[in-house]
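Structure first, then comments.
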Amino acid sequence: MPEPPIRPADANEAESVHFIEQIIQDDLASGKHASIHTRFPPEPNGYLHIGHAKAICLSFGIAEKYDGQVNLRFDDTNPEKESQEYVDAIRRDVSWLGYQWNGGEYFTSDYFEQLHGFAVQLIEHGHAYVDHQSPEEIAAGKGTPTKAGEDSPFRNRPTEENLQLFSEMRAGLHPDGHCVLRAKIDMAHPNMHMRDPVIYRIKRAHHHRTGDDWCIYPMYDFAHGQSDSIEGITHSLCTLEFEVHRPLYDWFIRTLGIFPSRQIEFARLNLDHTVMSKRKLLRLVEEGVVEGWDDPRMPTISGLRRRGFTPESIRTFCERVGIAKRENVIDFSLLEWALREHLNRVAPRAMAVLDPIKLVILNYPEGQSEMLPSENNPEDPSAGTREMPFSKVLYIEREDFKEEANKKWFRLAPGKTVRLKSAYIVRYLDHIKGPNGQVEEVHVEYFPDSKSGSDTSGIKAKGTLHWVNVETAEEAEVRLYDRLFSDPAPDGHADRDFMDFLNPDSLQVRSRCMVEPSLALARPGVPHQFTRLGYFTLDEKRTKDTGHMVWNRAVTLKDGWKGQG
RNA sequence: UGCCCCAUGGUGUAAUGGCAGCACACCGGUUUUUGGUACCGUUUGUCUAGGUUCGAGUCCUAGUGGGGCAACCA
């Protein structure tokens, strides 16, 4: 009986890699490829979103890890939907994520001439024909998934006639839609994509790069694999919906006898409480539900950037999400975790009060003030400290005071004692209410010997409150965000429109917030942690437009309090 | 009534025929001048049925469930 193998005493924990990396390692080990070359091939017809970030991190990350190359290629074969605006936005988003396309930048439109040559080559070898059927006739002729298609009446045209017709198509002798070029494969093939796919159509549309040079454009299936091949892409990584296109991808490469790029598919990213398709995102923009593609509630890269996400956090998120072929829906909280994980280490702390009421320290001398040092980041002593002005009248958070509270309430209330962060311990005395019953001021006494850093009072305070000195406070607008949809799967209801599930509270604007004076020098793109409140970033656009500070909250701090007090 | 892909805790993802592990979430505890962080701990999983094997999450067969495929879109 064979003994079970003994595990090596000190085996290095083998690095576990996903199935795509496994293929790459095998190809490198077997010598199939001396080096690897990937590409990221967006169509410039919209803004990149977090799902694209996964694809970007995959293709760029693999090139980086295996010392290979990666191309950025704009798949621009449908001029009606594409534009330079999107090209620019895509470049900016990929760069912002921290990636360089070291293999170069390309456009499928750069290959139009070469692709045209491939088509001629196919015709010459009897592998393509010009079809004069209408789109409806072609669709009908394809059959259904369970029923074989029928040959087009034009399928057996002589090569010479096909050559002639195709050159007329290119020369503009035929009106739009009059005829198409089709690959001649198998109208009864079990894979619908192999039933003589259309590979060129006539379309008199102005192309954002080639202008009016062409009136025929190749279809995706005839452009993508060949473009990969032209660029020497070894591993062409794409999402699962292209799986059924792979036999066609391979067929063109084999039939044309060109460099065999290999397509490998992985499952696309889905996030709960949002939608990810360009069509649906576009609807949110067009119906004015959000401000634009870069609205901080959008799952777009530009939206996340404006919301206050960092490239590092998005890359971490993509690593955690993993790569597999299984359909998946990722918790939004994983994205939030990734941001907190990064920002907790690097974000400078500051104090801000979103819903201010006054705290008056009755026994603090009128007219006196002092500067108290406060750590910029407790996780990073090298970040140093800053001086916080402190005096008799401060702002504290309305929700940090309660007229009645039990033992679990660590904040201010009758009978309670709290520490003011980086300052003194104070004890409740009384409070004043306004005409409509709202608390306006809380009065406390402070203990002079409880000063932060030199506390000899011996008094213990369970809770610590953040505060801002009234005299020196800066006013700011703060925008708080929540999930755009209240339903975890807004587009998962067959009988309901996803717009029915919009979260009415996805945006909260707080207009008279008070922030510490040092924040007046803050710059956009540098996230801060507002003590006890979360991570905030200056909104560049809105701050510029309104002339006053506007802060976006990217995410709250994790809240471990159960709210039982 | 076709073809292709997939199935591991609540959510993701490992285990390459040999101890089902990790992260997020959840719950509990310790520390704490952020009810944060850090640290510790609890609970929870191999779709079903057969088969191969000393041994199956892994291989085979069938079933079930989910996803995809019929644009002159990508």
Side-chain angles (χ1 to χ4, degrees), chain A residues 1-5 7 14 16-19 22 41-43 45 75-78 80-82 131 134-135 138-140 142-149 176-182 189-195 198-203 217 219-221 223-224 238 240-247 265 267 272 278 319-331 333-338 340-341 344-345 349 351 374-375 378-379 408 410-411 418-423 425 450 452-453 455 461-466 529-534 556-563 565:
Chain A
M1 194 199 298
E3 292 288 319
R7 188 167 279 206
S16 112
V17 297
H18 54 70
F19 76 100
Q22 191 59 253
E43 181 187 16
N45 70 341
D75 208 356
D76 54 351
T77 57
N78 187 1
E80 285 169 344
K81 296 186 175 172
E82 297 151 4
D131 196 336
S134 70
I138 289 178
K142 281 196 178 174
T144 70
T146 55
K147 189 169 145 284
D176 285 15
H178 189 239
C179 51
V180 294
L181 185 68
R182 288 231 255 172
H189 202 285
N191 181 335
M192 298 290 295
H193 295 277
M194 298 297 274
R195 322 242 262 227
V198 171
I199 58 178
Y200 263 94
R201 77 281 216 190
I202 304 171
K203 187 176 275 204
Y217 292 94
M219 298 289 289
Y220 165 83
D221 282 309
H224 204 98
C238 63
L240 245 28
E241 67 266 30
F242 293 103
E243 207 160 25
V244 285
H245 293 248
R246 181 163 20 101
E265 311 86 13
D272 65 5
K278 275 179 191 169
E319 269 169 38
R320 294 309 169 111
V321 155
I323 299 293
K325 297 186 79 160
R326 178 162 42 142
E327 296 292 331
N328 61 84
V329 183
I330 309 293
D331 290 349
S333 59
L334 185 64
L335 225 201
E336 297 183 320
W337 168 82
R340 292 191 189 105
E341 194 277 326
N344 178 52
R345 288 183 281 118
R349 271 55 168 176
M351 292 210 269
S374 188
E375 57 210 346
E379 305 296 315
K408 288 179 180 166
F410 296 168
R411 288 117 97 151
V418 299
R419 151 95 47 199
L420 295 174
K421 172 75 182 168
S422 300
I425 292 177
S450 67
S452 196
D455 184 354
K462 274 282 219 177
T464 302
L465 266 43
H466 60 279
Q529 183 196 105
F530 289 178
T531 302
R532 300 212 296 141
L533 297 177
T556 62
L557 256 28
K558 195 172 161 190
D559 187 3
W561 183 54
K562 302 301 177 297

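Everything numeric in this text was worked out from a predicted model, so none of it was measured. Chain A is the first sequence line, chain B the second, and so forth, proteins listed ahead of strands; every chain is numbered from 1.
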When rounded to the nearest Å, what value does the distance between [atom1] atoms of [N] and [M] take?
N	M	atom1	result
B:U48	B:U11	P	16 Å
B:A15	B:U58	C1'	9 Å
B:G9	B:G45	P	9 Å
B:A56	B:A49	P	14 Å

Given [options], the nucleotide with the shortest approach to the side chain of [X]:
X	options	answer
A:Ala324	B:A14, B:C72, B:U34	B:A14
A:Asn78	B:A74, B:G35, B:C69	B:A74
A:Thr531	B:U34, B:C5, B:C69	B:U34
A:Asp331	B:G10, B:G67, B:U16	B:G10
A:Glu243	B:A25, B:C5, B:G2	B:C5
A:Val180	B:A70, B:A74, B:C72	B:C72
A:Phe410	B:C73, B:C72, B:G35	B:G35

### Query
When you look for runs of 3 or more Watson-Crick or G-U pairs in a row, both distances below 3.5 Å, which of them include RNA chain B?
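Output for stems: B:2-7 with B:64-69, B:10-13 with B:21-24, B:27-30 with B:38-41, B:47-51 with B:59-63.
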[X] near the nucleic acid: base, sugar-phosphate alone, or nothing, with a heavy-atom cut-off under 4.0 Å?
X	result
A:Leu533	nothing
A:Ile330	sugar-phosphate
A:Arg532	base
A:His224	nothing
A:Arg411	base

### Query
Using 4.0 Å as the upper bound for N to carboxylate O, is an ion pair formed by A:Arg246 and A:Glu265?
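Yes, A:Glu265 and A:Arg246 are salt-bridged.
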Using nucleotides 56-61 of chain B, report all nitrogen or oxygen pairs with the protein that are shorter than 3.5 Å.
none

Is the phosphate of [N], meaning OP1 or OP2, less than 4.0 Å from a side-chain N or O of [X]?
X	N	result
A:Lys203	B:C73	yes
A:Arg195	B:C3	no
A:Arg201	B:C73	yes
A:Thr77	B:A74	yes

### Query
Do A:Thr146 and B:U1 share a donor-acceptor pair, side chain to base, under 3.5 Å?
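Side chain to base: no pair below 3.5 Å.
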### Message
Ignoring hydrogens and geometry beyond distance, is the side chain of A:His245 in donor-acceptor contact with the base of B:A74 at under 3.5 Å?
### Response
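Side chain to base: pair found, below 3.5 Å.
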### Message
If I take atom CG in residue A:Leu334 and atom P in nucleotide B:G10, what distance separates them, rounded to the nearest angstrom?
### Response
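About 18 Å, once rounded to whole Å.
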Got a list of protein N/O to nucleotides 36-40 of chain B N/O distances below 3.5 Å?
residue : atom : partner  : partner atom : Å
B:G36   : N2   : A:Glu379 : OE2          : 2.8
B:U37   : O2'  : A:Asn344 : ND2          : 3.0
B:U37   : O2'  : A:Glu379 : OE1          : 3.1
B:U37   : O2'  : A:Glu379 : OE2          : 3.3

### Query
Cationic tip of A:Arg411 within the cone over A:Trp561's six-membered ring, i.e. under 6.0 Å and within 45° of the normal?
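Positive - A:Arg411 is close enough to the ring of A:Trp561 and near enough to its axis.
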